[in-house]
Amino acid sequence: MSTHTIVLGVIGADCHAVGNKILEAFFTRAGYRVVNLGVMVSQDEFIDAAIETGAAAILVSSLYGHGEIDCAGLRDRCLERGLDRILLYVGGNLVVGKADLAATREKFLAMGYDRVFPPSVELDEVAVLLRQDLAAKDEGR
Amino acid sequence: MSTHTIVLGVIGADCHAVGNKILEAFFTRAGYRVVNLGVMVSQDEFIDAAIETGAAAILVSSLYGHGEIDCAGLRDRCLERGLDRILLYVGGNLVVGKADLAATREKFLAMGYDRVFPPSVELDEVAVLLRQDLAAKDEGR
Amino acid sequence: MDFENKRIPDERFDALRPEVLGAWPTGREVDFDEGVAFHHALPEDKRFPVALDRADAERRVLLQPRAGVALLEEHIALLQLLAQEADVLPTTIDAYTRQNRYEEAQKGIDKSRQAGHSLLNGFPAVNHGLGACREIIERVPKPVQVRHGTPDARLLAELTLAAGFTSYEGGGISYNIPYTKKVPLQKSIEDWQYVDRLVGRYEAAGVRINREPFGPLSGTLVPPFMSHAIAIIEGLLALEQGVRSLTLGYGQAGNLMQDVAAIHSLRQLARQWFEAEGYGDYQLSTVFHQWMGGFPENESKAFAVITWGGAVAALAGATKVIVKTPHEASGIPTGEANLQGVMATSQITSMLVDQQASLVALVQPEIERIKREVNTVLRAVKTAGEGDWAKGAVRAFAAGILDVPFAPSVHNKGKLLPVRDNEGAIRLFDFGAVPLDMDTRAFHAAKVKERAIAEGREPCFQMVIDDIYSISKGRLVGRPR
Amino acid sequence: MDFENKRIPDERFDALRPEVLGAWPTGREVDFDEGVAFHHALPEDKRFPVALDRADAERRVLLQPRAGVALLEEHIALLQLLAQEADVLPTTIDAYTRQNRYEEAQKGIDKSRQAGHSLLNGFPAVNHGLGACREIIERVPKPVQVRHGTPDARLLAELTLAAGFTSYEGGGISYNIPYTKKVPLQKSIEDWQYVDRLVGRYEAAGVRINREPFGPLSGTLVPPFMSHAIAIIEGLLALEQGVRSLTLGYGQAGNLMQDVAAIHSLRQLARQWFEAEGYGDYQLSTVFHQWMGGFPENESKAFAVITWGGAVAALAGATKVIVKTPHEASGIPTGEANLQGVMATSQITSMLVDQQASLVALVQPEIERIKREVNTVLRAVKTAGEGDWAKGAVRAFAAGILDVPFAPSVHNKGKLLPVRDNEGAIRLFDFGAVPLDMDTRAFHAAKVKERAIAEGREPCFQMVIDDIYSISKGRLVGRPR
Ligand code: B12
Ligand code: B12
């Protein structure tokens with residue numbers, strides 16, 4: 001079984017560090033090679049790191065409410081820069097305000113993210129999905 | 001200035017005594033002759049007391065939620081028994097549940113009560129209204 | 001037979017029974033042996049005494065809401081909803097049934113059917129009968145208690161216990177003085193001796209049923225020593241009839257130290273007095289009632305009052321907490337509002353349950369004060385009864401030795417006047433005829449004086465009125481504005 | 001000029017100013033003298049320092065929410081709504097402005113106009129400019145503070161203070177370490193010396209502006225001694241620049257005793273250290289932040305967390321409490337949700353404010369512990385700085401003497417690992433390079449051990465993770481399930 005590399009980070013001007021540290025600990029323990037960019041990561045920094053490390057997925061966090069602005073265009077930028085098969089996950093308090101989950105999910109799926117998670121998500125469930133999605137990707141290869 | 005007599009009591013099988021004691025203290029201090037029947041007062045007990053004491057008003061309390069059942073028909077019963085000019089006030093948690101105030105008021109006005117009060121009413125305001133209503137009644141005499 | 005605190009002989013009980021069961025047609029449905037068999041088959045997690053024991057062992061606070069509506073299906077649905085977060089459940093009985101006015105309860109049921117929503121303030125269990133009550137037990141996944149306020153609760157007990165309820169609230173004093181106007185105390189105590197004897201018979205048949213005297217009484221500025229004294233007397237009366245699972249109750253006063261001390265002293269005093277009177281081998285737990293007086297109308301503010309009640313229950317180490325709802329000031333809560341109260345309480349009790357030990361040392365002086373007051377009063381009650389607690393209770397109320405503030409009963413003197421001190425603890429403004437010792441009186445007077453000075457007014461009845469309104473107006477101490 | 005804790009000379013300040021004001025076009029609108037004149041004309045009840053003084057004198061806890069939206073009218077309407085129940089108001093700044101990313105803030109404003117609702121997490125005061133800020137002060141009836149998280153907050157300060165804001169949150173450490181990734185500490189401290197000097201100049205012109213270092217830092221399991229040490233250093237830096245009204249802050253930990261002890265020790269330590277360092281004649285107050293870590297999603301449960309925070313603020317006697325909302329776990333609150341948090345807090349603080357005295361004796365040992373820890377750390381900082389607090393702060397972070405758990409800054413060692421003890425107090429699992437004495441270490445280790453035994457597991461990082469989630473999952477101590 002190949003060890004996948006995944007890139008983690010908190011996008012934009014967002015400084016929320018706690019969830020990010022937990023994601024790092026969790027996915028490391030789950031057997032991934034984790035490249036954690038920490039907080040305040042720009043779209044290009046995510047892409048640079050993914051290219052450099054041959055990552056299979058980027059897990060974007062946005063907690064502070066500007067996700068709608070910061071996350072837009074990441075998929076296009078990936079394609080532009082030749083990352084045409086990368087998984088994009090996004091999670092956190094993605095928009096400003098207590099929003100309808102389904103509407104937020106639609107919004108971010110439309111932006112090109114493969115999966116969209118609320119802050120209350122159980123990480124074990126994410127791990128299952130990530131395993132499945134990566135396997136499907138590997139098969140499709 | 002004539003001292004009016006008013007009859008107080010908590011109707012039906014209702015045992016809530018605290019508000020009733022406060023109403024007694026308040027209206028006594030406000031200068032009325034107060035006949036307080038306490039809790040668990042039947043319609044006929046109210047009417048008996050009003051007739052006996054020549055009361056100008058009956059202030060009915062209902063806190064426990066059965067007000068809708070217990071208070072119905074008091075006006076008719078007053079008329080039957082010859083009390084054709086008595087003021088009827090009612091106040092408290094008049095129906096079961098957190099209800100719309102306006103709807104409750106309509107319901108009890110339709111039952112023949114002259115004024116309907118929520119538990120949060122300021123007693124000073126009640127005193128003003130009672131004074132006005134009694135004055136109007138005295139003039140009408 | 002004499003009125004006294006003696007176990008009702010079997011012949012007498014059996015002789016009384018037909019009359020009790022004959023008071024309303026559904027009484028015929030009761031079959032004690034069938035009831036016992038049903039109880040024996042009940043799974044552990046539907047048994048109230050088991051839940052109480054486990055909670056004390058695990059140092060958890062059980063959460064219990066109040067809930068009852070007119071119709072069976074709605075009532076079961078309500079309890080099933082609440083079972084999501086609550087540990088133990090109630091069936092709160094409507095106020096007509098509490099007065100044995102079954103015809104009026106029937107009218108309430110009929111009108112509720114017509115209206116499509118409950119017009120009653122509780123579940124009329126007697127009218128619905130045994131089958132309906134049994135369905136509650138069968139379809140609700142947790143222990144269920146009957147909660148009411150019934151001076152003559154014999155038929156209700158026969159029906160609901162045979163149906164499988166495993167806990168029964170009330171007592172001959174606590175369901176008389178705050179709940180009625182004219183019922184003689186001797187009558188209600190006798191009727192509750194019957195209820196306790198019935199529970200004792202279940203116990204003898206191997207079925208443990210929990211009994212809970214109603215602690216908060218009028219819910220309004222009741223000093224802890226008075227409710228403790230009454231709770232202990234009701235405990236003694238129940239033990240004598242064979243009850244073996246007792247939960248003594250207390251209604252939150254609002255001052256942290258006094259409330260924590262109250263729960264500690266209640267446990268200690270009960271153990272002492274029960275032992276002194278020769279009772280052993282019983283299961284004791286406590287219940288803390290979130291603030292029982294007037295609530296703020298605003299729901300956010302109500303949440304604050306609810307949470308503070310939960311916090312103190314946890315810090316005091318009560319076995320169970322009775323939960324209020326954000327609708328409290330307005331009316332019987334919807335299921336959702338009720339659940340909200342339980343959830344807020346769940347959060348705070350589980351956050352604080354590990355901090356119980358921290359306050360014990362601090363509250364010691366207040367514990368001692370409460371104990372001294374209770375002991376004085378109980379000794380006086382016993383003397384009044386010439387050694388008999390049943391007679392003593394009746395005579396003590398007549399003499400004003402026992403006196404519940406703001407109670408509606410004509411058999412209650414109503415001379416004792418409580419008022420908050422400068423920290424919000426409930427103290428005495430007028431001692432009435434309660435025989436407290438001089439040092440205790442001086443202490444209360446000094447505390448009241450301290451507040452009066454802080455407020456620049458003499459201790460007065462307006463202070464008491466201000467205290468009655470204070471929590472609903474967002475304060476604890478009713479300061480002048 | 002050297003980097004040191006010395007009042008910025010006027011020439012240097014005046015030399016820096018054009019660059020600061022030139023960073024964004026609205027900077028040109030600033031006129032210091034006009035600002036001073038506006039402040040002099042401000043009514044008393046719009047002045048933050050006055051409100052703080054009065055609250056302490058009257059032993060009341062001031063209530064302050066957080067609030068900020070993208071557009072001016074909506075922002076003013078929001079504050080007017082909150083003014084119904086809050087005592088002092090905020091203007092919370094958006095996260096782009098905090099990073100001086102004014103172009104992005106502008107995009108946020110424009111998109112918010114299009115969307116018809118705020119897409120920014122705060123009010124972009126710099127982009128809106130002086131006139132808009134002035135309108136806030138004019139149209140909101142209570143004192144307003146700038147609340148943000150800006151490492152270089154010089155332009156924001158120039159604009160908002162000239163506009164009439166009377167309090168300004170932040171500091172060179174507390175708005176760097178938890179809020180940024182790469183900004184060097186020396187840079188942020190220098191920039192905050194500028195802000196403090198600006199406040200000092202207002203002070204010299206007869207205008208008192210309150211300054212509030214940000215107490216809670218990362219908001220997540222920060223041990224009181226660490227946030228106290230940093231608050232006191234920021235206080236010293238501010239006093240040196242001429243600030244005369246200081247509010248030191250602390251974020252609720254969750255354990256009653258520790259939290260009450262934290263507020264008491266904070267006041268005492270600040271007084272001691274300020275005096276020892278030669279500062280007198282200042283106004284000191286405290287602010288208690290309701291739980292700053294992850295909240296439960298359920299709103300009823302959030303109300304419980306909010307209320308408990310308010311309760312402890314009142315019992316601890318904090319001057320001010322920062323209020324959370326039932327939407328906390330989900331997103332920026334609506335005005336209504338925000339008001340709900342304030343109302344719940346209002347109820348509980350006014351219910352408990354008279355009970356402050358009760359816990360003082362009990363928390364004495366914890367007060368002494370915190371003092372000892374803070375004193376040890378502050379002495380080490382001073383030594384590291386060879387007597388200079390600015391240098392000391394930078395070197396102490398580099399050495400791990402100061403270390404904030406879970407902070408994002410690369411200039412923070414991140415070796416200090418906190419964990420809750422068996423009663424939920426925050427203790428240390430790994431001391432990192434923080435130079436605590438051996439007795440203190442033994443105490444922490446014993447407390448952690450005690451919990452580990454209770455849970456039947458070794459002290460481990462999973463325990464820390466469990467503690468991070470615990471309150472959001474309805475507990476305080478993150479016990480294994
Ligand atoms: C204390 C209390 C009790 C105590 C009463 C002790 C006693 N004997 O007095 C106890 C614990 C015994 C009790 C029992 C019950 N209670 Co109760 N009780 C309360 C509580 C918490 C406070 C009442 C109080 O004393 N308030 C303080 C006084 C000063 O205010 P007040 O009573 O509202 O009176 C003022 C005003 O209403 C107004 N007013 C009243 N009448 C009138 C009349 C006029 C003309 C005017 C102008 C003004 C006016 O002026 C008064 C003085 O300011 C209220 C909820 C609340 N308000 O927070 C529930 C409440 C009244 N109880 C309620 C119920 C249902 C019951 C029970 C049936 C049990 C149950 N199912 O939960 C039993 C009643 C049994 C019976 N036979 O009556 C419900 C009523 C629900 C509804 N209407 O939908 C309430 C609202 C709680 C709730 N939300 O469920 N209760
Ligand atoms: C602690 C905290 C802070 C601390 C952060 C300290 C630090 N450097 O880490 C401080 C006080 C500094 C802070 C500042 C601010 N905060 Co803040 N903060 C919080 C708070 C209370 C807890 C966050 C936290 O640590 N949670 C615990 C961790 C474990 O959970 P988490 O962060 O949610 O991460 C988990 C999940 O989200 C998920 N997840 C996250 N990303 C991803 C990605 C993928 C792919 C997957 C699968 C899962 C996943 O897994 C993580 C682990 O379980 C939250 C509210 C809350 N949640 O209760 C607000 C909150 C996130 N903050 C908020 C805001 C707005 C701010 C500020 C802008 C100030 C303001 N206006 O109020 C500034 C931000 C400035 C900036 N530049 O970023 C808002 C965001 C609002 C929105 N989205 O509508 C929140 C929701 C509070 C609120 N309701 O207003 N904050």
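Chain A is the first sequence line, chain B the second, and so forth, proteins listed ahead of strands; every chain is numbered from 1. We use all heavy atoms of the structure for the numbers below, so side chains are in, but hydrogens, waters and symmetry mates are not.
If you measure heavy-atom distances from D/E366 to chain C, you find no contacts under 4.5 Å at all. Neither the backbone nor the side chain of C/E336 comes within less than 4.5 Å of any heavy atom in chain D. The parts of C/I471 that come within reach of chain D are both its backbone and its side chain, each placing non-hydrogen atoms under 4.5 angstrom from that chain. Both the backbone and the side chain of C/N255 come within contact range of chain D, with heavy atoms under 4.5 Å apart. Of the two parts of D/L352, only the side chain, counted from C-beta on, holds a non-hydrogen atom closer than 4.5 Å to a non-hydrogen atom of chain C.
Under the 3.5 Å distance criterion, the side-chain polar atoms of D/Q355 are left unmatched by any main-chain donor or acceptor of C/M257.
In the displayed structure, D/E297 atom CD is contacted under 6.0 Å by at most 12 heavy atoms of other residues, nucleotides or ligands.
Considering CG of D/L476 and CD1 of C/I348, their distance stands at 9.0 Å, rounded to 0.5 Å.
Contact between C/M351 and D/V305 at its shortest, heavy atoms only, is SD-CG2, 4.1 Å. Annotation for D/F303 and C/T307: closest pair O-OG1, 4.2 Å, computed over non-hydrogen atoms. Taking every heavy atom of both residues into account, D/S346 and C/K301 meet most closely at OG-NZ, 4.2 Å. For the pair D/A304 and C/A344, the tightest heavy-atom approach, listed with the atom from each and the gap, is CB-O, 3.2 Å.
Chain D forms the most heavy-atom pairs under 4.5 Å with one residue out of C/E423, C/E299, C/M343, and that residue is C/M343.
The pair D/D354-C/R479 counts as a salt bridge, with a side-chain nitrogen and a carboxylate oxygen less than 4.0 angstrom apart.
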C/Q347 vs D/N298, side-chain contact (heavy atoms from CB on, under 4.5 Å): CA-CA, chis, key distance, verdict: CA-CA 10 Å; C/Q347 176 76 28; D/N298 176 281; over 6 Å; no
